[in-house]
Protein chains: 4
Amino acid sequence: MDNDTTLSALKNAVRSFCEDRDWDQFHNAKDLSIGLVTESAELIDHFRFKSSSEIEDMFNDGNKKLKITEELSDVLFFVLRFAQMYHIDLTTELIRKIQINNEKYPIDKCKGSNKKYTEV
Amino acid sequence: MDNDTTLSALKNAVRSFCEDRDWDQFHNAKDLSIGLVTESAELIDHFRFKSSSEIEDMFNDGNKKLKITEELSDVLFFVLRFAQMYHIDLTTELIRKIQINNEKYPIDKCKGSNKKYTEV
Amino acid sequence: MDNDTTLSALKNAVRSFCEDRDWDQFHNAKDLSIGLVTESAELIDHFRFKSSSEIEDMFNDGNKKLKITEELSDVLFFVLRFAQMYHIDLTTELIRKIQINNEKYPIDKCKGSNKKYTEV
Amino acid sequence: MDNDTTLSALKNAVRSFCEDRDWDQFHNAKDLSIGLVTESAELIDHFRFKSSSEIEDMFNDGNKKLKITEELSDVLFFVLRFAQMYHIDLTTELIRKIQINNEKYPIDKCKGSNKKYTEV
């Protein structure tokens, strides 16, 4: 499906869901960002106090993987909704951001390194 | 661009960026989730202590809007990277999650309401 | 109680709770920070999509206020635990940080302003 | 200092700092929670993509430890400010929450275990 689904198609699915419920009135930038923060936190909550091997096991357990995936979908939902409400073309912006990061993280200096660009 | 770009195309752009730097070794679920949390927090930081009208003004200021958009792109980057690393089809999962939410938030009970499903 | 309880007394209460369960082994800096992030997110989740007046009403509803307060306590729990595990004197550090902020946010420039120090 | 400083003393230091700047008007529950979320995220950002041993090294580097500690102080600042603005006695509430957790996490079932209470 990711092979033949456009960003716009997903944005439209999210918009329909929200407009059917008349939620534009609540979906301002501050509250949508709260959505992103809380859903990201629900995702990371699955991994709190867990070791690497315990986490890899979760992804081999269909039920656990599903729960984790649902949190990731919730994050994506709010990314798409934010972009739709504020007229942001995600493709243009992601490509632009990757180009910025290409300069912040030059391959020859960053290959195999976990340093932040401020530490490079 | 969102009109004719697939999710897979964006996933590939993110994968190339990371593989060029040999970053698979650092990109486990816990640390990618930290990425999502920190980038979401950088987004919301723009709105801290700001009123609704101040926030709407930010989106009319090209420079400010660009900064905000870059944070949103960073969140999307980590959503795509998480999905790519853990073989998650975002389209399938988002549609499935919207169907779940359709039942959690029935239109007739939730239209125009900002209540959480636990309060409905 | 806050009038006659020291930071050390609360740190000790938190340490006892964790040591009784043999949890030092899980309480490293990364996972304790996940604790801080997730509990802060559970706090803010109460306010998602809510207006100022709806939020003020919550604090007049004893039951709701209790739920909110419990999330704040969870955040404090992890602050105290982090400090205890990494030998941080919170009083010394908070006072030092307030002094730094005194310079970042000089009263004459910041009085009545919601600008970040980077914008002042 | 933590040995002989009360919670009220720290709350007062935070209140003075904020009242000197006339910031009560901005410090509602939603925005103070954004403060907690963003400062917690700045803390965890230090540990993103870092291994356990790299993180332990940070605490042996005085400069790095100071930077980490400053983020923890920022989190504590907002906990104290939230409590002060909404008349919450942190000592009472923390002790109450620990009692709740004593029942959620009984010692005989949770000793040496990293399971969440929902998994016990």
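All values reported here derive from a predicted model rather than from experimental measurement. Every heavy atom of this structure was used, including side-chain atoms; hydrogens, water molecules and symmetry mates were not.
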Asks: Counting only non-hydrogen atoms closer than 4.5 Å, does I100(C) touch chain D with its backbone (N, CA, C, O), its side chain (CB onward), both, or neither?
Replies: side chain
Asks: Shortest non-hydrogen contact from L94(C) to S73(D)?
Replies: CD1-O, 3.6 Å
Asks: Would you name the heavy atoms of A13(D) and I95(C) that are closest together and state the gap between them?
Replies: CB-CD1, 4.3 Å
Asks: At a heavy-atom separation under 4.5 Å, does N101(D) approach chain C through its side chain, its backbone, both, or neither?
Replies: both
Asks: Is it the backbone or the side chain of N102(C) that comes under 4.5 Å from a heavy atom of chain D, or both, or neither?
Replies: both
Asks: Side chain, backbone, both or neither: which part of E56(C) has a heavy atom under 4.5 Å from chain D?
Replies: side chain
Asks: Given heavy-atom pairs under 4.5 angstrom as the criterion, report whether the side chain, backbone, both or neither of Y86(C) touches chain D.
Replies: both
Asks: Got a second to check how far I55(D)'s CD1 is from N28(C)'s CG, nearest 0.5 Å?
Replies: 6.5 Å
Asks: Can you measure from CD1 (I98(D)) to CG (L10(C)) and round to the nearest 0.5 angstrom?
Replies: 7.5 Å
Asks: Which residue out of A9(D), A41(D), A29(D) racks up the most heavy-atom pairs below 4.5 Å with chain C?
Replies: A29(D)
Asks: How long is the gap from OG on S40(C) to CG on L36(D), to the nearest 0.5 Å?
Replies: 4.5 Å
Asks: Can you label the angle between the F59(D) ring and the F82(C) ring as parallel, tilted or perpendicular, going by 30° and 60°?
Replies: tilted
Asks: Based on non-hydrogen pairs under 4.5 Å, which of L66(D), N12(D), D31(D), V14(D) is most in contact with chain C?
Replies: L66(D)
Asks: Who wins among Y105(C), F77(C), F78(C) for the most heavy-atom pairs under 4.5 Å with chain D?
Replies: Y105(C)
Asks: Which pair of non-hydrogen atoms, one from K50(C) and one from K30(D), has the smallest distance, and what is that distance?
Replies: O-NZ, 2.8 Å
Asks: N3(C) and S8(D): side-chain donor and acceptor closer than 3.5 Å?
Replies: yes
Asks: Go through the atoms of Q25(C) and report whether side chain, backbone, both or neither lie under 4.5 Å from a heavy atom of chain D.
Replies: side chain
Asks: Which value, rounded to the nearest 0.5 Å, describes the distance between M1(C) atom CE and T92(D) atom OG1?
Replies: 4.5 Å
Asks: Side chain, backbone, both or neither: which part of I88(C) has an atom under 4.5 Å from a heavy atom of chain D?
Replies: both
Asks: Quick check on I68(D) against chain C: is it the side chain, the backbone, both or neither that has a heavy atom closer than 4.5 Å?
Replies: side chain
Asks: Tell me, side chain or backbone of L32(C) under 4.5 Å from chain D's heavy atoms, or both, or neither?
Replies: neither
Asks: Can you check whether T6(C) reaches D2(D) side chain to side chain, under 4.5 Å on heavy atoms?
Replies: no
Asks: Let me know if F26(C) has heavy atoms under 4.5 Å from chain D in its side chain, its backbone, both or neither.
Replies: side chain
Asks: Could you tell me which portion of A83(C) (side chain, backbone, both or neither) has an atom closer than 4.5 angstrom to a non-hydrogen atom of chain D?
Replies: both
Asks: Name the option with the most non-hydrogen atom pairs under 4.5 Å to chain D; the candidates are I34(C), V75(C), D20(C).
Replies: D20(C)
Asks: Heavy-atom distances under 4.5 Å only: say whether D108(C) touches chain D with side chain, backbone, both or neither.
Replies: neither
Asks: Look at L80(C), D4(C), D24(C), T69(C) and state which one has the largest set of heavy-atom pairs under 4.5 Å with chain D.
Replies: T69(C)
Asks: Answer yes or no: is there a side-chain heavy-atom contact under 4.5 Å between L90(D) and L72(C)?
Replies: yes
Asks: Of all the heavy-atom pairs spanning G112(D) and D22(C), show the shortest one and how long it is.
Replies: N-CB, 3.8 Å
Asks: Please determine, among C110(D), S33(D), S52(D), the option with the most heavy-atom pairs under 4.5 Å with chain C.
Replies: S33(D)
Asks: Please lay out, stage by stage, how N114(C) and R21(D) fare under the test side chain to side chain donor-acceptor pair (under 3.5 Å).
Replies: CA-CA 10 Å; N114(C) 62 352; R21(D) 285 157 185 79; over 6 Å; no
Asks: Heavy-atom distance under 4.5 Å between the side chains of L7(D) and L7(C), does that happen here?
Replies: yes
Asks: Answer yes or no: is there a donor N or O on one side and an acceptor on the other, between the side chain of W23(C) and the main chain of S113(D), under 3.5 Å?
Replies: yes
Asks: Hey, what do you get for CD (E93(C)) to NZ (K65(D)), rounding to the nearest 0.5 Å?
Replies: 8.0 Å
